[in-house]
> 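Below is one structure. I have some questions about it.
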Amino acid sequence: MAASRSVLPGFGITLGCTLAYLSLLVLIPLAGLFWKSASLGGAEFLAAVASPRALAAYRLSFGASFAAALVNAGFGLVLAWVLVRYRFPGRGIVDALVDLPFALPTAVAGITLTALFAKNGWLGQWLEPLGIFVAYTPLGVTVALVFIGIPFVVRTVQPVLEDLEPEIEEAAASLGASRFHTFRRVLFPAVWPALVTGFALAFARSVGEYGSVVFISGNMPLRTEIAPLLIVTELEQWNYAGATAIAAVLLVISFGLLLGINGLQRYGARRLAGGRAA
Amino acid sequence: MSTDWILPNSPPRAARRAGGALADPPWVRALLTGVALGFVALFLVLPLATVFLQAFSKGISAFGAAIVEPDALAAIRLTLLVAAVSVPLNAAFGVAAAWAIAKFDFRGKSLLVTAIDLPFAVSPVVSGLVFVLLFGAQGVLGPWLQAHGVRVIFAVPGIVLATTFITFPFVARELIPLMEEQGSDEEEAAISLGASGWQTFRRVTLPNVSLGLLYGIVLLNARAMGEFGAVSVVSGHIRGQTNTMPLHVEILYNEYQGAAAFAVASLLAVLAVATLVLKRLLEWRMGRASCAARERGHA
């Protein structure tokens with residue numbers, strides 16, 4: 001690792017501090033988790049990560065995260081389009097509000113959504129007579145994850161829509177393409193890498209999400225227990241081995257998603273740059 | 001490599017003109033706007049309004065009582081203390097990391113940038129767990145710590161550690177792209193004119209990135225004060241001692257003290273709204289600053 005001919009000072013000390021701080025705070029603790037799970041016997045590890053309760057928790061975590069990310073992909077695309085292309089009163093406020101799920105502590109979101117969707121809540125009192133039960137069901141988990149995931153799709157798609165050259169659409173229109181045809185053949189191909197990235201970001205965040213979900217889910221084992229909650233439950237019963245094994249599984253999946261998302265973003269950036277050069 | 005994942009928060013460009021050949025038919029416009037605003041109203045406006053309405057559901061005096069109650073005050077103090085440690089630490093780290101990464105070329109740089117993003121990829125619960133495994137009673141360093149009478153887990157140091165872990169990337173990921181974009185010409189000029197490294201940083205670099213730094217700090221602070229999952233794993237939930245505001249909200253809520261829970265939650269919601277307002281203001285200022293820089297470049 002050598003700095004390539006620069007007159008600026010401070011490379012050694014800043015990189016040294018960065019690496020030391022990163023190692024102490026992040027890398028060593030994370031490595032400790034893998035070290036600990038490797039020290040479990042194969043049978044013990046398997047019993048923890050493949051118990052019916054753990055499998056049900058993964059199913060719920062991944063299923064609800066996937067459903068929530070899909071909902072966000074759809075509504076997020078519409079919201080980004082409306083924010084970029086249309087002008088209406090209050091647009092600035094709506095645009096700022098999109099970041100609310102980043103700024104609002106997850107526990108606050110959790111109790112608020114529960115209060116809204118509970119039997120006597122503002123929304124629950126109308127939905128439950130219709131047979132739609134949200135609080136304390138897998139649907140409730142999905143609703144909380146939709147809330148958490150809103151900014152990801154909007155904020156990845158928005159800059160791509162802003163960068164689109166209007167000339168391309170004008171050309172398509174002047175060549176006789178209908179608006180729908182233009183969207184399908186001209187706009188969508190430009191936007192989809194960002195849309196998939198936003199979907200993946202929302203999904204990745206949702207898989208690990210805890211605070212906003214634990215209140216609305218009801219936390220029934222095998223039914224509404226998400227994987228991060230199962231880790232907490234195991235810890236509270238002093239079952240460190242079980243908690244560590246499940247955490248290692250989640251961690252490997254998170255790293256896989258991180259690498260996948262980085263790849264997607266590089267692909268999207270290349271496409272965008274290629275489109276501009278052409 | 002892009003560092004823009006998880007928090008794609010670069011300031012939005014000046015919105016493009018709408019209209020002309022781009023205009024969608026009026027019914028499409030109305031339909032899409034309706035769908036978008038309906039979604040925002042249901043999932044964003046309604047929850048935010050609910051927090052405040054529930055907080056005052058038992059009247060203003062009950063609201064005040066829930067906030068000045070000793071356990072609530074202790075939770076507020078602890079939350080401020082945790083932020084007061086985590087925010088400067090991670091801000092200093094972010095500046096150092098951005099200097100090394102943006103101003104120099106070295107092997108393994110993109111790996112380092114990815115590693116800095118790691119805490120955003122990890123579930124908050126897992127972030128707390130790694131510190132329990134290191135410092136807990138059954139952890140690697142647990143027996144040694146116990147022998148020396150130091151408590152990390154179920155105590156304030158653990159809460160600070162977990163919060164610092166969770167909020168680690170905020171400032172770095174904000175400053176790295178910003179400093180890369182600005183290049184090092186101005187710094188090189190200052191050095192060649194005889195300024196010391198520290199003078200160059202303080203007089204040239206810092207003023208150039210101050211808005212971005214502030215932007216990162218605002219987001220970092222919001223997360224540090226609001227973190228729940230990681231902190232809940234390491235805190236032990238000792239009332240008046242190891243409860244931060246979000247944990248206090250949880251306890252009140254689970255004890256069916258809904259109005260009190262929402263009263264404390266509403267303070268956190270005010271923090272969230274203040275964060276959004278500050279973020280918008282800074283984006284606006286940064287947008288103007290970068291426009292001005294571009295115009296200077298063209299002149």
Side-chain angles (χ1 to χ4, degrees), chain A residues 1 3-4 6-11 14-15 17-18 21-22 25-26 29-30 32-33 36 75 78-79 82 85-87 94 96-97 99-100 103-108 111-112 115-116 147 155-156 162 166 169-170 173 179 201 208 210-211 228 231-232 240 243 247 250-251 254 258 261 265 269, chain B residues 2 5 8 13 16 18 21-22 24 29 32-33 35-36 39-40 43-44 47 50-51 54 93 96-97 99-100 103-107 115 118-119 121-126 129-131 133-134 138 165 168 184 187-188 191 197 222 226 228-229 246 249-250 253 261 265 268-269 272 275-276 280:
Chain A
M1 284 204 188
S4 70
S6 172
V7 296
L8 296 183
F11 175 68
T14 52
L15 187 66
C17 286
T18 301
Y21 188 67
L22 177 71
L25 190 67
V26 177
L30 286 177
L33 185 119
K36 168 89 179 166
F75 283 98
V78 172
L79 189 49
V82 168
R85 292 299 175 98
Y86 304 159
R87 291 296 167 269
V94 171
L97 261 181
D99 287 322
L100 180 71
L104 192 70
T106 53
V108 178
I111 64 170
T112 307
L116 275 174
F147 173 82
R155 293 296 186 235
T156 40
E162 277 168 0
E169 280 167 72
E170 279 161 14
R179 193 72 189 126
L201 286 171
Y210 177 72
I231 297 175
V232 172
Y240 282 70
L250 272 192
L251 209 50
S254 306
L258 170 62
I261 288 164
Q265 288 189 324
Chain B
S2 166
W5 85 285
R13 235 146 311 195
R16 228 165 237 290
L22 301 186
D24 295 329
R29 226 170 229 274
L32 293 183
T33 311
V35 168
F39 183 69
V40 168
F43 275 96
L44 297 172
T50 303
V51 179
Q54 293 276 351
F93 155 77
W99 181 268
K103 304 288 183 195
F104 300 93
D105 276 320
F106 53 91
R107 275 174 50 201
L118 276 179
V122 177
S123 169
V125 168
V126 177
L129 175 67
V130 296
F131 291 107
L133 292 179
L134 269 185
Q138 302 181 27
F165 177 101
F168 178 82
S184 356
E187 281 85 356
E188 279 163 14
I191 295 282
F228 177 73
V249 169
E250 181 197 22
Y253 186 82
L268 290 167
T275 301
L276 292 185
R280 224 349 84 105

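A, B, ... follow the sequence lines: proteins, then strands. Residue 1 opens every chain.
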> Checking side chain to side chain contact (heavy atoms under 4.5 Å, CB included) for the pair A:Phe147/A:Leu104: CA distance, chi angles, key distance, verdict?
CA-CA 11 Å; A:Phe147 173 82; A:Leu104 192 70; 4.0 Å; yes
> Could you look at B:Phe165 and say if it's the side chain, the backbone, both or neither that has a heavy atom under 4.5 Å from chain A?
both
> Tell me, side chain or backbone of B:Thr275 under 4.5 Å from chain A's heavy atoms, or both, or neither?
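For B:Thr275, the side chain is the part near chain A, not the backbone.
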> Most heavy-atom pairs under 4.5 angstrom with chain B, which of A:Leu33, A:Val232, A:Val108, A:Thr14?
A:Thr14
> Side chain, backbone, both or neither: which part of A:Leu116 has a non-hydrogen atom closer than 4.5 Å to chain B?
side chain
> Name the member of A:Pro29, A:Ala107, A:Cys17 that forms the most heavy-atom pairs with chain B at distances under 4.5 Å.
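Counting heavy-atom pairs under 4.5 Å, the top option is A:Pro29.
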> Give, as side chain, backbone, both or neither, the part of B:Phe168 having an atom under 4.5 angstrom from any heavy atom of chain A.
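Contact with chain A: side chain only.
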> Between A:Val26 and chain B, which part of the residue has a heavy atom less than 4.5 Å away: side chain, backbone, both or neither?
both
> Would you say B:Phe39 has more than 12 foreign heavy atoms packed within less than 6.0 Å of its CZ?
yes
> Considering all heavy atoms of both residues, which atom of A:Val82 and which atom of B:Ala36 are nearest to each other, and what is their separation?
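Minimum heavy-atom separation between A:Val82 and B:Ala36: CG2-CB, 3.9 Å.
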> Name the region of A:Leu79, side chain, backbone, both or neither, that has any atom closer than 4.5 Å to a heavy atom of chain B.
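A:Leu79 touches chain B through backbone and side-chain heavy atoms alike.
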> If I compare all heavy atoms of A:Leu97 with all of B:Leu276, which pair ends up nearest, and what's the gap?
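In this case the closest contact between A:Leu97 and B:Leu276 is CA-CD1, 4.4 Å.
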> Can you tell me how far apart CG (A:Leu8) and CZ (B:Phe104) are? Round to the nearest 0.5 Å.
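Going from CG on A:Leu8 over to CZ on B:Phe104, the span is 5.0 Å.
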> Using 0.5 Å steps for rounding, measure from the CG atom of B:Leu118 to the CG atom of A:Leu258.
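One finds 6.0 Å between CG of B:Leu118 and CG of A:Leu258.
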> Pick one of side chain, backbone, both or neither for B:Glu188, based on which atoms fall under 4.5 Å of a heavy atom in chain A.
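Both parts, heavy atoms under 4.5 Å.
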> By a 4.5 Å heavy-atom criterion (distance strictly below it), what part of B:Ile191 contacts chain A: side chain, backbone, both, or neither?
side chain
> If you count heavy-atom pairs under 4.5 Å between each of B:Val249, B:Leu134, B:Val122, B:Thr50 and chain A, which one has the most?
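Ranked by heavy-atom pairs under 4.5 Å with chain A, first place is B:Thr50.
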> Looking only at heavy atoms and a cut-off of under 4.5 Å, which of B:Ser123, B:Ala269, B:Gly229, B:Ser184 has the most pairs with chain A?
B:Ser123
> Among A:Ile111, A:Leu251, A:Asp99, which residue has the highest count of heavy-atom pairs closer than 4.5 Å to chain B?
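It is A:Ile111.
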> B:Glu250: which residues meet the side-chain hydrogen bond (donor to acceptor under 3.5 Å, both in side chains) condition with it, sequence neighbours left out?
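Per chain and number, B:Glu250 pairs via side-chain hydrogen bond (donor to acceptor under 3.5 Å, both in side chains) with no residue.
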> For A:Tyr21, check side-chain hydrogen bond (donor to acceptor under 3.5 Å, both in side chains) against everything at least two apart and list the hits.
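side-chain hydrogen bond (donor to acceptor under 3.5 Å, both in side chains) list for A:Tyr21, sorted by chain: B:Asn90.
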> May I ask you to name which of B:Val40, B:Leu32, B:Val51 has the most heavy-atom pairs under 4.5 Å with chain A?
B:Leu32
> Are B:Phe106 and A:Phe11 an aromatic pair by the rule of ring centers under 6.0 Å?
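Yes, ring centres under 6.0 Å apart.
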